[in-house]
Amino acid sequence: MEQKRIIIAIDGFSSTGKSTMAKTLARRIGYAYIDTGAMYRAVTLYCLDNGLADHDGNVNEEQLASQLGNISIDFRVNPADGRSETYLNGRCVEREIRDMRVSSAVSNVAKIAAVRRALVARQQEMGRGKGIVMDGRDIGTVVFPDAEMKVYVTASAETRARRRYDELVAKGNTAVTYDEVLHNVVERDRIDTTRAESPLRKADDAYTLDNSHMSIEQQDQWLLDLYHKITKQCNGQD
Ligand code: DC
């Protein structure tokens, strides 16, 4: 029997490893993967490069709203390693959008209503055919409130800062300190959970995954087991 394709929404704090686990799940079950954080990061990069934001993310909202139509974001698979990469107006920005310059400004861009409206509409379009794993902050609450599978990922701020710091160092970024990264994580949590527009919160019907003390293999298995359980229910096999 053909399995019904579903929408999988994975939300949670920054640096919980959401993207890595969402990507692995998508690959294992043959679904598309969309990193919505990358979309907010790409808009932020556009702002920084075009004089619409300073490095703290103070944005000229009016000017940005009038230029949103000029910002095209898409994902393309790199044939060399099979990974999905983010493109901004036809240019690969996958590396640049992960820099501290963008990380420090992105929360302020992501709280702008016009930006959220434009990106949410684009995300809903991407998920129309189902068979998609999408990660972000508001996927289970705003983008796809009817998603069949919702997961809310959490871990302590220190655990997350350590992960992000190790990641930056592994990529050759030696200028940054652990304390700066921790500060950035805590500050982003504050903005993401207290903003007026779609604040980060757990959807009532989401499953919580606290991965502070889990290995990557354990999380991947947890997610896959949940997927099997939910698709069985959706296919009326339970
Ligand atoms: O997941 P990330 O750290 O790459 O996300 C970057 C920023 O974008 C983060 O500050 C939260 C914001 N974001 C959001 O507001 N809504 C989403 N669906 C995804 C990310």
Side-chain angles (χ1 to χ4, degrees), residues 7-23 33-48 53 55-59 64 71 73 75 84-86 88 93-127 132-145 147 150-155 157 159-161 163-165 167-168 171 176 181-203 206 209 211:
I7 289 183
I8 301 176
I10 302 189
D11 289 304
F13 288 109
S14 61
S15 304
T16 44
K18 289 191 305 294
S19 308
T20 310
M21 71 175 85
K23 246 180 254 173
Y33 162 69
I34 302 292
D35 173 0
T36 62
M39 299 170 77
Y40 288 95
R41 286 171 180 273
V43 173
T44 305
L45 181 63
Y46 178 93
C47 291
L48 291 167
H55 63 272
D56 288 326
N58 297 310
V59 185
L64 172 57
I71 305 178
I73 300 166
F75 296 99
S84 166
E85 292 178 333
T86 313
L88 169 63
V93 293
E94 188 55 37
R95 252 187 98 92
E96 249 177 293
I97 59 169
R98 312 287 165 193
D99 282 350
M100 281 301 275
R101 181 170 86 106
V102 172
S103 297
S104 302
V106 63
S107 287
N108 279 324
V109 173
K111 70 183 185 191
I112 300 171
V115 171
R116 300 207 71 83
R117 257 198 313 275
L119 293 189
V120 166
R122 179 94 176 86
Q123 290 152 11
Q124 288 171 334
E125 200 181 292
M126 289 169 163
I132 199 160
V133 181
M134 193 172 275
D135 86 49
R137 303 293 189 287
D138 59 344
I139 312 305
T141 52
V142 175
V143 182
F144 293 115
K150 298 182 187 177
V151 178
Y152 186 75
V153 192
T154 174
T159 304
R160 292 182 285 125
R163 286 179 188 153
R164 172 81 31 128
Y165 174 74
E167 212 175 86
L168 287 167
K171 282 182 188 160
V176 71
V181 177
L182 178 62
H183 176 79
N184 178 255
V185 165
V186 171
E187 183 55 12
R188 274 207 288 162
D189 287 358
R190 189 187 64 74
I191 301 177
D192 292 346
T193 53
T194 59
R195 69 181 177 214
E197 281 294 323
S198 323
L200 170 65
R201 68 168 183 86
K202 178 182 171 298
L209 171 61
N211 66 9

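Order of listing sets the numbers, starting from 1, for every ligand and every atom in it. The first residue in the sequence is number 1, and the count goes up from there. Excluded from the calculations below are hydrogen atoms, water molecules and symmetry mates; all remaining heavy atoms, backbone and side chain alike, are included.
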**Q** Could you find the nearest protein heavy atom to atom 20 (C) of ligand 1 and give me its residue, atom name and distance?
**A**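 For atom 20 (C) of ligand 1, the nearest protein heavy atom comes out as Gly37 CA, 3.6 Å.
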
**Q** May I ask you to list the atoms of ligand 1 that are less than 4.0 angstrom from any heavy atom of Arg195?
**A**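 With Arg195 as reference, the close atoms of ligand 1 come out as 14 (C), 15 (O).
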
**Q** Distance-only, no hydrogens or angles: does the Arg195 side chain make a donor-acceptor pair with backbone N or O of Ser198 under 3.5 Å?
**A**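 Yes, Arg195 side chain to Ser198 backbone: donor-acceptor pair under 3.5 Å.
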
**Q** Under 4.0 Å from a heavy atom of Ala110: give me the atoms of ligand 1 that qualify, with their elements.
**A**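 Those qualifying, in numeric order: 12 (C), 15 (O).
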
**Q** Do ligand 1 and Asp135 have nitrogen or oxygen atoms that lie under 3.5 Å from each other?
**A**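 Not met; the criterion fails.
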
**Q** Please report the closest heavy-atom contact between Asp35 and Phe75, naming both atoms and the distance.
**A**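 Scanning both residues completely, I find the closest heavy atoms to be O-CZ, 3.5 Å.
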
**Q** Once you restrict to heavy atoms under 4.0 Å, what part of Asp192 touches ligand 1? Side chain, backbone, both or neither.
**A**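 For Asp192, only side-chain atoms sit under 4.0 Å from ligand 1.
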
**Q** Hey, is Arg116 one of the residues with a heavy atom under 4.0 angstrom from ligand 1?
**A**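 Under 4.0 Å: yes for Arg116.
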
**Q** Does Thr44 form a side chain to side chain donor-acceptor pair (under 3.5 Å) with Arg101? I'd like the steps, not just the answer.
**A** CA-CA 9 Å; Thr44 305; Arg101 181 170 86 106; over 6 Å; no

**Q** Identify the heavy atoms of Tyr152 and Gly12 that sit nearest to each other, and give their distance.
**A**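 In terms of heavy atoms, the two residues are closest at CE1-CA, 4.3 Å.
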
**Q** Tell me the contacting part of Arg137 for ligand 1: side chain, backbone, both, or neither, using a 4.0 Å heavy-atom threshold, strictly below.
**A**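 Both backbone and side chain.
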
**Q** I want to know if ligand 1 touches Ser14 in the polar sense, i.e. an N/O pair below 3.5 angstrom.
**A**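 Not met; the criterion fails.
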
**Q** Tell me whether Asp135 contacts the main-chain N or O of Ala22 through its side chain, where contact means a donor paired with an acceptor under 3.5 Å.
**A**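 Absent.
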
**Q** Is Asp11 salt-bridged to Arg137, going by a charged N under 4.0 Å from an acidic O?
**A**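 No.
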
**Q** Taking both backbone and side-chain atoms of Asp138, is any N or O found less than 3.5 Å from an N or O belonging to ligand 1?
**A**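 Between Asp138 and ligand 1 (N or O atoms, distance only) the closest approach is under 3.5 Å.
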
**Q** Tell me the contacting part of Met39 for ligand 1: side chain, backbone, both, or neither, using a 4.0 Å heavy-atom threshold, strictly below.
**A**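 Neither; nothing of Met39 gets under 4.0 Å from ligand 1.
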
**Q** So which heavy atom in the protein is nearest atom 19 (C) of ligand 1, and how far is it from that ligand atom?
**A**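 The answer is Thr36 OG1, 3.4 Å.
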
**Q** Looking at atom 3 (O) of ligand 1, what's its closest protein heavy atom, distance included?
**A**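 Among all protein heavy atoms, the one nearest atom 3 (O) of ligand 1 is Arg188 NH1, 3.0 Å.
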
**Q** Could you tell me which non-hydrogen atom of Arg188 sits nearest to which non-hydrogen atom of Ser107, and how far apart they are?
**A**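 So the two residues come closest at CG-OG, 3.2 Å.
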
**Q** Please check this pair: side chain of Arg160 against backbone of Ala155, looking for a donor-acceptor N/O pair closer than 3.5 Å.
**A**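 At least one qualifying donor-acceptor pair exists.
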
**Q** Does any N or O in the side chain of Arg122 come within less than 3.5 Å of the main-chain N or O of Met39, such that one atom is a donor and the other an acceptor?
**A**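 Absent.
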
**Q** I need the nearest protein heavy-atom contact for atom 10 (O) of ligand 1: residue, atom name and distance, please.
**A**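 Scanning the protein heavy atoms, the shortest distance from atom 10 (O) of ligand 1 goes to Ser107 OG, 2.9 Å.
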
**Q** Considering only non-hydrogen protein atoms, determine which one is nearest to atom 4 (O) of ligand 1 and report residue, atom name and distance to 0.1 Å.
**A**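 Looking at atom 4 (O) of ligand 1, the protein heavy atom closest to it is Arg41 NE, 2.7 Å.
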
